[in-house]
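Okay, structure first, notes after.
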Protein chains: 2
Amino acid sequence: MGIAERKIRQREEVKASILNAAWKMVEKEGWQALSIRKIAEAIEYSAPVIYDHFENKEAILQEFTRRGFCLLNESIAAAIAPLSLPEQQIEAIAHAYRAFAIEHREYYQLMYGLGMPGCDTVKQTAELHTFSQLLLTPLRQMAAQSTKSIDPYLKLRTLWSTLHGLISISRMGETDHEDELSEMVLQDFIGVFIAGMR
Amino acid sequence: MGIAERKIRQREEVKASILNAAWKMVEKEGWQALSIRKIAEAIEYSAPVIYDHFENKEAILQEFTRRGFCLLNESIAAAIAPLSLPEQQIEAIAHAYRAFAIEHREYYQLMYGLGMPGCDTVKQTAELHTFSQLLLTPLRQMAAQSTKSIDPYLKLRTLWSTLHGLISISRMGETDHEDELSEMVLQDFIGVFIAGMR
DNA sequence: TACTTTTGCTAACACTGTTAGAAAAAATAA
DNA sequence: TTATTTTTTCTAACAGTGTTAGCAAAAGTA
């Protein structure tokens, strides 16, 4: 009986179309404008149908948060893959992080709860662990090579904080050339950060 | 005719009670729970009265953002006042910033649009300029003393970014001892940051 | 064809910010 | 004091929001 399979397939098609429609809306009008009723209209179903696929609106945002971190992890993984020196890897991570935040504006906004009621969602995202490990590996290598006594977790936090802070502050900036400025700040920070670990 | 004066006084009493009621609600239930109707109920007026004092809900949030930056600026000014060495001042600023974010959780959340639809409000806050100047002064002094060629604006951004990132990332952390960790990260960063400017 | 299950819809609840227009209160003028 | 004008404040409504209960229709099974 392939009928059960078809039902599952159709179910997942609807689920995909929900996320699809939601994403289109976010791209056009931002997270604020996203509403269950508008998604329903876009997929040509009534609003309650959405609750057969997602527990609530939060769950939809959670799914996008997860996807965002997946994309970010892939970006970073790809950036460090061709490099072997931990210093170079750290620099590559920083640039990949910034590039992701600029390229995938909406994703980043949601992931870090900037102007959204999805702030508590992040810590429940499993992909965050992968992200940590991705940064931790080169930091551990550098800590091992260093003459100083260095805590890789501490450095992970410092690096991550500055990267995220850089994006956040840059986003609320007034000037038009925020991108160039953030590029320079990043370059400057990375230099000091790596020098501080040697 | 003291009657006009009394009217103005009464008007401002109502305005103050709006902000008062709003703040109490935020302290108890967070920014998400703040609603015009609930404020109206608390001050024992009908909802439209609020629009005689504030253009819209955003304007109320804007006012709190302004107040938040005032408080932060005062905190920082008080912290650097007894110190003369720019290095010490920068360190004091960093600790004052962190202390403010921890002590005035809700203020900080609003000021930087964490989980709130008041993200665009920040750049319209005049007090932000004072804040910049407060950090810029010791950074300029250090840049002048340094053998290197240092851009104080660049360093301002780096410092601010890391401070804000530190708070943000720490807030979405899972562990209970986030405060101790952020304290250590801050200490570590300040060391590297100041060393990098000498 | 009759029965059962799944699916999807309408209608409603309890909210939200915001505005128009009427009613009540207060201040001014006669 | 009475009449008029101005100011203040309210009720009611509009257009939304997320979410749920319960019914009708479609689809699958016997």
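Below, read A as the first sequence line, B as the second, and so on, with proteins coming before strands; counting in each chain starts at 1.
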Seminar exercise, completed: note: A/H53, atom NE2; D/dT20, atom P; distance rounded to Å ~ 16 Å

Exercise. How many Å lie between CD1 on B/I18 and P on D/dT9, as a whole number?
Worked result: 11 Å

Exercise. Can you give one letter per nucleotide of nucleotides 12-19 of chain D, going 5' to 3': B for a protein heavy atom under 4.0 Å from the base, S for sugar-phosphate only, - for none?
Worked result: -B---BBB

For this session: Starting from P on D/dT29, measure out to CZ on A/R6 and report it in whole angstrom.
Result: 9 Å

Problem set entry | Full working for ring pair (Phe, Tyr, Trp, His ring centres under 6.0 Å) between B/Y97 and B/Y108 | CA-CA 10 Å; B/Y97 190 99; B/Y108 195 90; 5.8 Å; yes

Exercise. So, are A/K15 and A/E12 salt-bridged, with charged N and O less than 4.0 Å apart?
Worked result: no

Problem set entry | Identified side-chain contact (heavy atoms from CB on, under 4.5 Å) partner of A/W23 from the options A/R67, A/K28, A/E106 | A/E106

Problem set entry | Nearest-angstrom distance from the residue atom CD of B/Q10 to P of D/dT7 | 15 Å

Exercise. Which is true for A/R11 with a 4.0 Å heavy-atom rule: it touches a base, it touches only sugar-phosphate, or it touches nothing?
Worked result: nothing

Problem set entry | d(CD, B/E12; C1', D/dT8) in whole Å | 17 Å

For this session: Measure the distance from CG on A/D52 to P on D/dA21 and round it to the nearest whole Å.
Result: 13 Å

For this session: Please round to the nearest 0.5 Å and tell me the distance separating atom CG of B/L34 and atom NZ of B/K24.
Result: 14.0 Å

Problem set entry | Lys/Arg N to Asp/Glu carboxylate O, A/E63 vs A/R66, below 4.0 Å | yes

Exercise. Whole Å only: how far is the CZ atom of B/F54 from the P atom of C/dG17?
Worked result: 14 Å

Exercise. Could you walk me through whether A/Q187 and A/E183 pass the side chain to side chain donor-acceptor pair (under 3.5 Å) check?
Worked result: CA-CA 6 Å; A/Q187 205 65 257; A/E183 170 63 47; 3.3 Å; yes

Exercise. To the nearest Å, how far apart are A/I8 CD1 and C/dT5 P?
Worked result: 18 Å

